Amino acid sequence: MSPREEKNSETEKDTGHKSMLLSLWKKVTGAGKGEKKHQDPKEQEEAPAAAGETPEGEPAPPVELPFEKLPAPEELMEYYLLYCKSQGQEGERSNVEDFCAASPPDTALLKQILSQVESKAAVIMRAHRKQAQLAMMKAERQLKQKEKEQAREGAPAPAEPEEAAIDAGELPVQPVDGQVLVFCAPDWSAAWGIALPALGEGNPVTWETVLVGLNDRKVSFGIDQEAVNRLSTPEAALTLIRLAACVPPVPGEDGRTEEHFPRTVGTPQIMENAQGIVDFDNLNWLTHIEAGTVICDIIQPTQGKPGTNIQGKPIRPYNGKKAVLPKGDNVIPNEAGTSLISKIDGQISFRDGKFHVNNVIVIQGDVDLSTGSIDVQGDVVIHGNVRAGFTVTASGNVTIGGLVEGCQITAGGSVVVNRGMNGNVTGSITAGQDVVCKYMENATVHAMGEIRMDSIVNCDIAARGKVVVKTGRGVIIGGTVRAMGGIEAKTVGNIAGRLTTLSIGPTPWFLQERAKVEEELEAIQQEIHLKKGTNAAALLQMKEKPLKKTLEEMEFQISAAAQKQIVAATLYPMAQISINGIQKNLTHSYSPCRIYLDAKEGVIKVIGV
């Protein structure tokens with residue numbers, strides 16, 4: 001035989017040997033799991049249609065299997081089948097998960113591990129196939145030599161060529177020593193090992209082999225001796241087993257506060273009874289505390305406990321963060337730092353995420369000639385009435401238990417009038433937050449927050465928030481009501497046809513504030529232009545930025561107000577409606593109704609709810 005023919009023969013035998021092993025693998029993996037052994041004739045007719053389409057006639061979406069369910073790598077499978085054959089066993093594994101024991105690594109790391117294992121198995125299998133080719137060639141030469149000797153001796157030729165009896169699968173497996181591959185997680189939290197078993201007469205894997213593999217990867221802590229012993233047994237061959245695990249760090253707990261007062265303290269709690277009546281005498285929002293009163297306990301954070309990785313190095317734990325203390329005005333920590341206490345006697349409230357204690361001036365009777373006008377820093381509680389001609393000014397909240405006549409009430413916080421107010425045209429209320437009143441007649445009210453009342457008659461009302469008149473009678477009759485957050489009422493107007501004006505958009509106070517900001521901004525910009533290039537210009541630019549931001553926020557509030565609505569259970573004519581500067585006169589009654597601005601058409605629309 002020529003060298004070229006001999007080389008082709010070797011290639012054919014190598015291919016035949018590999019094909020035989022792959023056919024055995026496919027018999028174990030593919031056909032047995034995915035195909036039916038027997039189908040009825042009816043099922044065979046329906047199968048082509050069912051395989052390509054869903055019942056609705058749409059193509060069936062491809063099913064993406066998880067990595068663990070995919071077939072094992074080809075070279076690893078070939079190694080496994082060869083090992084089983086050498087042990088006289090049948091290969092039962094097929095998928096990736098069949099080669100993994102409990103607690104496998106995450107999918108990304110598992111892919112890397114199997115890729116490296118496949119590469120190692122491929123090297124061994126190439127060497128094995130080369131040895132098998134050499135053994136095949138040696139057997140063929142011996143056979144031909146024997147045939148030549150028989151021919152010289154005149155022995156009859158065998159009935160079937162003995163060449164056919166030579167099978168690559170029957171050749172002895174060349175010795176390959178067993179080895180252990182160890183893989184570690186990137187953060188050194190765990191280590192896994194897989195044993196490539198010995199082939200032929202090679203040296204088997206022992207527990208010393210496993211420990212040497214761990215030592216080569218500098219794994220010295222958290223080693224599972226039971227797993228090491230198991231990996232060295234023939235039953236665990238080609239099985240990925242976790243050999244070591246770290247001791248994870250114990251995170252510390254964040255500090256926190258245990259509050260002794262609800263966060264609704266200092267906020268009026270409007271509660272209606274079964275008849276829809278609000279008890280304005282008992283809003284339960286004034287809570288007086290003394291100096292030294294504990295407002296909340298401070299729970300300190302704890303330190304975490306370090307862990308240890310598989311190399312014996314410490315793992316830094318998460319240490320708890322200090323609690324964010326809800327410390328507002330006149331609220332201080334005690335000497336031990338274990339709680340927040342009140343610094344003064346006063347009224348506690350919760351606003352802007354903090355507890356505050358403000359001084360409260362309590363007037364047991366009326367505000368009249370016996371007291372004069374009131375002007376204080378803090379809150380004011382008046383148990384009686386406020387007579388005409390007097391003023392009450394407070395930086396905090398104002399609470400009035402009786403009636404309010406033609407006087408001026410100004411508060412940096414909220415104003416609550418338990419009875420009601422008849423301002424006789426001269427009376428007014430100005431509040432930095434909300435206004436809550438039983439009824440309001442012939443008065444002017446401006447609130448930066450919401451306004452809630454039982455009835456409004458012939459008043460000039462303006463609110464940055466919402467105006468809600470839905471308790472008690474729930475009527476708005478006459479006057480003007482402006483709100484940037486919407487208007488809700490049971491009844492608007494009356495059957496006598498008294499003109500009532502409702503407006504949604506910027507209030508006069510809002511427009512004055514915006515004009516003031518614009519004027520201040522313009523003055524600063526002129527100064528910047530005059531002092532351009534100097535240090536003073538840089539300082540002026542720092543003042544310019546917050547003013548620009550304020551104007552942007554105001555424009556956003558105006559845009560948001562245009563989307564608000566007027567909702568009423570009953571609306572009588574005449575009613576003059578204005579939304580974002582667009583006006584509409586209503587000459588018919590509606591029950592119920594919702595009034596809004598159609599931004600696309602630029603008109604006000606009225607619909608039934």
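Computed from a prediction, not measured in an experiment: that's the story for all the values here.
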Is there side-chain contact between [X] and [Y], with heavy atoms separated by less than 4.5 Å?
X: Asp254; Y: Pro301; value: no
X: Ile504; Y: Tyr596; value: no
X: Leu403; Y: Tyr439; value: yes
X: Arg351; Y: Ser349; value: yes
X: Ile374; Y: Phe390; value: no
X: Val404; Y: Ile429; value: no
X: Ile363; Y: Val381; value: no
X: Pro317; Y: Pro306; value: yes

Please report the shortest heavy-atom distance between [X] and [Y], naming the atom on each side.
X: Val415; Y: Ala431; answer: CG2-CB, 3.9 Å
X: Ala483; Y: Gly465; answer: CB-O, 3.7 Å
X: Ile315; Y: Val247; answer: CD1-O, 4.2 Å
X: Ala462; Y: Ile451; answer: O-CD1, 3.6 Å
X: Ala447; Y: Gln433; answer: CB-O, 3.6 Å
X: Gly337; Y: Ile298; answer: O-CD1, 3.8 Å

Please check: side-chain N/O of [X] versus main-chain N/O of [Y], any donor-acceptor pairing under 3.5 Å?
X: Asn330; Y: Asn358; value: no
X: Asp454; Y: Arg473; value: no
X: Asp379; Y: Val360; value: no
X: Asn494; Y: Gly497; value: yes
X: Thr302; Y: Glu253; value: yes
X: Thr500; Y: Gly478; value: yes
X: His356; Y: Asp329; value: yes
X: Ser559; Y: Glu555; value: yes
X: Asp434; Y: Glu450; value: yes
X: Thr293; Y: Ile289; value: no

Would you say [X] has more than 12 foreign heavy atoms packed within less than 6.0 Å of its [atom1]?
X: Lys490; atom1: NZ; result: yes
X: Glu553; atom1: CD; result: yes
X: Gln565; atom1: CD; result: yes

Rounded to the nearest 0.5 Å, how far does [atom2] of [Y] lie from [atom1] of [X]?
X: Ile476; Y: Ser455; atom1: CD1; atom2: OG; result: 10.0 Å
X: Thr257; Y: Lys327; atom1: OG1; atom2: NZ; result: 13.0 Å
X: Ile524; Y: His529; atom1: CD1; atom2: NE2; result: 16.0 Å
X: Phe355; Y: Phe261; atom1: CZ; atom2: CZ; result: 8.0 Å
X: Gln347; Y: Ile361; atom1: CD; atom2: CD1; result: 11.5 Å
X: Cys246; Y: Trp188; atom1: SG; atom2: CH2; result: 12.5 Å

Are the charged groups of [X] and [Y] less than 4.0 angstrom apart, N to O?
X: Arg387; Y: Asp368; answer: no
X: Asp598; Y: Lys605; answer: yes
X: Arg263; Y: Glu259; answer: yes
X: Asp460; Y: Arg482; answer: yes
X: Glu488; Y: Arg452; answer: no
X: Lys516; Y: Glu520; answer: no

I'd like a table of donor-acceptor pairs (distance under 3.5 Å, sequence neighbours excluded) in which one partner is a side-chain atom from residues 576-586, with atom names and distances.
none

Practice item. Begin with the C-alpha distance, continue with both residues' side-chain angles, and end with the deciding distance and a verdict on side chain to side chain contact (heavy atoms under 4.5 Å, CB included) for Leu551 and Phe556. Key: CA-CA 9 Å; Leu551 279 180; Phe556 176 79; over 6 Å; no

| said: Under 6.0 Å from the ring centre and within 45 degrees of the ring axis: does the NZ or CZ of Lys111 meet both conditions for the six-membered ring of Phe67? | reply: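 The answer is yes; both the distance and angle limits are met.
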
Give a yes-or-no answer on whether the side chains of Asn424 and Thr426 include a donor-acceptor pair shorter than 3.5 Å.
no

From CA spacing to verdict: salt bridge (charged side-chain N to carboxylate O under 4.0 Å, His left out), Lys548, Glu552: CA-CA 6 Å; Lys548 286 183 175 180; Glu552 291 175 358; over 6 Å; no

Residue set satisfying side chain to side chain contact (heavy atoms under 4.5 Å, CB included) with Lys69, at least two apart, ordered chain then number -> Leu65, Pro66, Glu97

(Q) Please evaluate residues Ile382 and Val392 with respect to the criterion side chain to side chain contact (heavy atoms under 4.5 Å, CB included), reporting the C-alpha separation (whole Å), side-chain torsions for both, the decisive distance (0.1 Å), and the verdict. (A) CA-CA 10 Å; Ile382 302 169; Val392 176; 4.0 Å; yes

Hits for ring-ring contact (aromatic ring centres under 6.0 Å, His included) against His446, two or more places apart or cross-chain, chain-then-number order -> Trp509

Side chain to side chain contact (heavy atoms under 4.5 Å, CB included) for Arg464 and Phe510? Distances and angles first, verdict last. CA-CA 8 Å; Arg464 288 273 186 100; Phe510 182 90; 3.2 Å; yes

For the pair Ile341 and Ile295, evaluate side chain to side chain contact (heavy atoms under 4.5 Å, CB included) and give the outcome as yes or no after the intermediate values.
-> CA-CA 5 Å; Ile341 60 174; Ile295 297 173; 5.9 Å; no

